**Q** 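The structure's right below; bear with me while I get my questions together.
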Amino acid sequence: VLAATVPVQHALKVTNWFTFNDHASQQFYGIAQFSPEWWTLLRNLGRVMAEHRQNMVITPLLELVTPRPEGDHLAYDFANFDRWVETFHEAGAIGYIEGGHLLDRAGSYEAGLVVHTLQLENGQVSKRTLPPDDPRVEPFLAGFLTALNAHLDAKGWKSIYYQHILDEAHGTEPPYYARFAELVHRYLPGVSTMDAVDAEHMPDELQKYCDVWVPQLGKFDDQMEMIRQRMASGREVWFYTCLFPNQRYLNRLMDYPLLKVRLLHWLNFRYGFTGFLHWGWSYWTPDPILDTQPVIDANTELLPSGDAFIVYPDRAKKSVYSSIRLETMLEGIEDYEMLMALKAKNPAEAERLGKEALAGFTDYVRDPVKFRAIEKELLEALAK
């Protein structure tokens, strides 16, 4: 028994995306969105997240606000948004609020962009999905983001709020990213934008307008100098996994050795990343225990096993079951926090242990016995 402890304070930001809209909560729990049982479900989910040191919560803005006509414009009731944030905060998972993406795609990855909006038409509120160049889009966002900014200020949540613009902007999309991020910077002053980015092909628009870069592991091996310069400027850089990488890289897929799952967060420490993002916390198939590979792209492709979820529905308890991978991820996050604590006391020793476990992106300890020896050295160093 050693005197090392995991710090209570979180140095690493962690998010796993999820949805429990009406369709998902009805399908897997028989619970209607916004019912008392639904809020109980969210509280229980938040507790599981907090127990596994997830401290950022993806938040579906337009699902949670209630618009109403007020003269010639829309006003917004944030009661459900507030209850959402407070529910996850009380459960211990906030942390940070992660505002959902303002730009979406009209289907596949290569489909055109769309914006989900609320419009005032003939005195009534209508939901309209519009192309980003539609003249109704910018006035909607100006009004909505202005109202959100005032509300975040009033609640004291501005400093913990991040805003997504568009996931994995590519091809002809970066100019749209710049335009919409500029709206966020104008109407949500002081709020950071954050998104998954392609570090191999970082367009000027994302370098300028995306505040928190989240590049995909396996695609920035040759871009570390650019990333280090970004970090040196005081900007946050995270990393994410999604379908890829595979082969010799680390990931949290179901058929990977658990050391690959645990070492993800040694990689965070080793290279100075401050966050980890994964898209799939609970995007379940109809029978997630037996079918771990959802079908995508018009039923033509399977996701890698376990990529879409890392927990399982527990309908009886209005909660979720954990998984071996989630428990292993927790251990890796705890390792990161202890490495950071050791770095504060003995930087050279922390760096040495980090390199011993993970010399490079595809060069890391693969023998559990050797890893346990490194883990023991970490615990002993912290216990001194």
Side-chain angles (χ1 to χ4, degrees), residues 17 19 21-24 58-76 81 98-149 161-189 191-198 201-214 216 242 277 279 283 296-301:
W17 292 349
T19 182
N21 57 20
D22 191 63
H23 174 75
I58 188 75
T59 299
L61 295 170
L62 293 188
E63 284 183 27
L64 297 171
V65 298
T66 304
R68 66 178 185 276
E70 201 168 86
D72 61 352
H73 67 279
L74 290 176
Y76 299 94
F81 173 83
E98 189 181 357
H101 300 82
L102 301 181
L103 279 164
D104 197 1
R105 296 187 178 90
S108 72
Y109 191 62
E110 301 301 331
L113 297 176
V114 296
V115 185
H116 303 293
T117 74
L118 298 165
Q119 299 293 327
L120 181 59
E121 299 172 346
N122 301 318
Q124 301 294 318
V125 179
S126 301
K127 293 183 178 180
R128 292 281 182 260
T129 298
L130 304 171
D133 291 321
D134 190 289
R136 292 169 289 179
V137 167
E138 187 165 332
F140 158 71
L141 284 175
F144 177 70
L145 294 175
T146 298
L148 177 61
N149 183 64
Y161 186 86
Y162 291 73
Q163 183 61 59
H164 284 295
I165 308 298
L166 173 65
D167 191 43
E168 299 178 333
H170 64 283
T172 60
E173 297 171 346
Y176 288 102
Y177 190 101
R179 187 200 309 174
F180 282 75
E182 199 280 328
L183 292 175
V184 170
H185 289 144
R186 186 190 315 169
Y187 295 111
L188 286 175
V191 165
S192 293
T193 56
M194 68 172 288
D195 277 297
V197 298
D198 181 357
H201 309 95
M202 277 295 290
D204 292 341
E205 292 93 340
L206 268 73
Q207 295 200 40
K208 181 177 180 180
Y209 288 102
C210 181
D211 298 318
V212 180
W213 293 358
V214 190
Q216 186 175 17
C242 170
L277 180 152
W279 76 275
Y283 287 89
I296 58 172
D297 290 345
N299 294 336
T300 62
E301 187 177 342

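The model shown is predicted, which means the values in this text are computed figures rather than measured ones.
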**Q** With sequence neighbours excluded, what pairs up with Tyr162 under the side-chain hydrogen bond (donor to acceptor under 3.5 Å, both in side chains) test?
**A** Glu236

**Q** According to side chain to side chain contact (heavy atoms under 4.5 Å, CB included), who are the partners of Pro69, at least two apart in sequence or on a separate chain?
**A** Leu120, Val125

**Q** Using the ring-ring contact (aromatic ring centres under 6.0 Å, His included) criterion, which residues pair with Trp17? Sequence neighbours excluded.
**A** His101, His164

**Q** Could you work out, with ring-ring contact (aromatic ring centres under 6.0 Å, His included) as the rule, every residue matching Tyr176, not counting sequence neighbours?
**A** none

**Q** Using side chain to side chain contact (heavy atoms under 4.5 Å, CB included) as the criterion, list what pairs up with Arg128, not counting sequence neighbours.
**A** Thr117, Gln119, Glu121, Ser126, Leu130

**Q** Using the test side-chain hydrogen bond (donor to acceptor under 3.5 Å, both in side chains), find all partners of Asp211 that sit at least two apart in sequence or belong to another chain.
**A** His185, Thr193

**Q** Pair up each side-chain donor or acceptor in residues 201-209 with any protein partner under 3.5 Å, not counting sequence neighbours, and list the distances.
**A**
| from | atom 1 | to | atom 2 | distance (Å) |
| --- | --- | --- | --- | --- |
| His201 | ND1 | Asp198 | OD2 | 3.1 |
| Gln207 | NE2 | Met202 | O | 3.2 |

**Q** Measure the spacing between CD of Gln124 and CZ of Arg68 and express it to the nearest 0.5 Å.
**A** 14.5 Å

**Q** Just jot down the side chain to side chain contact (heavy atoms under 4.5 Å, CB included) partners of Thr129, sequence neighbours excluded, or say none.
**A** Val114, His116

**Q** With sequence neighbours left out, write down each residue that passes ring-ring contact (aromatic ring centres under 6.0 Å, His included) with Tyr161, or none if nothing qualifies.
**A** none

**Q** For the atom pair CG (Leu102) and CD1 (Ile165), what is the distance rounded to the nearest 0.5 Å?
**A** 5.0 Å

**Q** As an exercise, state the distance from CG of Asp195 to CG of Leu103, rounded to the nearest 0.5 Å.
**A** 9.5 Å

**Q** Using the side chain to side chain contact (heavy atoms under 4.5 Å, CB included) criterion, which residues pair with Asn21? Sequence neighbours excluded.
**A** Thr19, His23, Ala24, Gln33, Glu63

**Q** Partners of Tyr109 by side-chain hydrogen bond (donor to acceptor under 3.5 Å, both in side chains), sequence neighbours excluded?
**A** His170

**Q** With salt bridge (Lys or Arg N to Asp or Glu O under 4.0 Å) as the rule and sequence neighbours excluded, what pairs involving residues 100-113 come up?
**A** Arg105-Glu173

**Q** When rounded to the nearest 0.5 angstrom, what distance separates CD in Glu98 from CE in Met194?
**A** 5.0 Å

**Q** Any side-chain heavy atom of Tyr187 sitting closer than 4.5 Å to one from Leu148?
**A** no

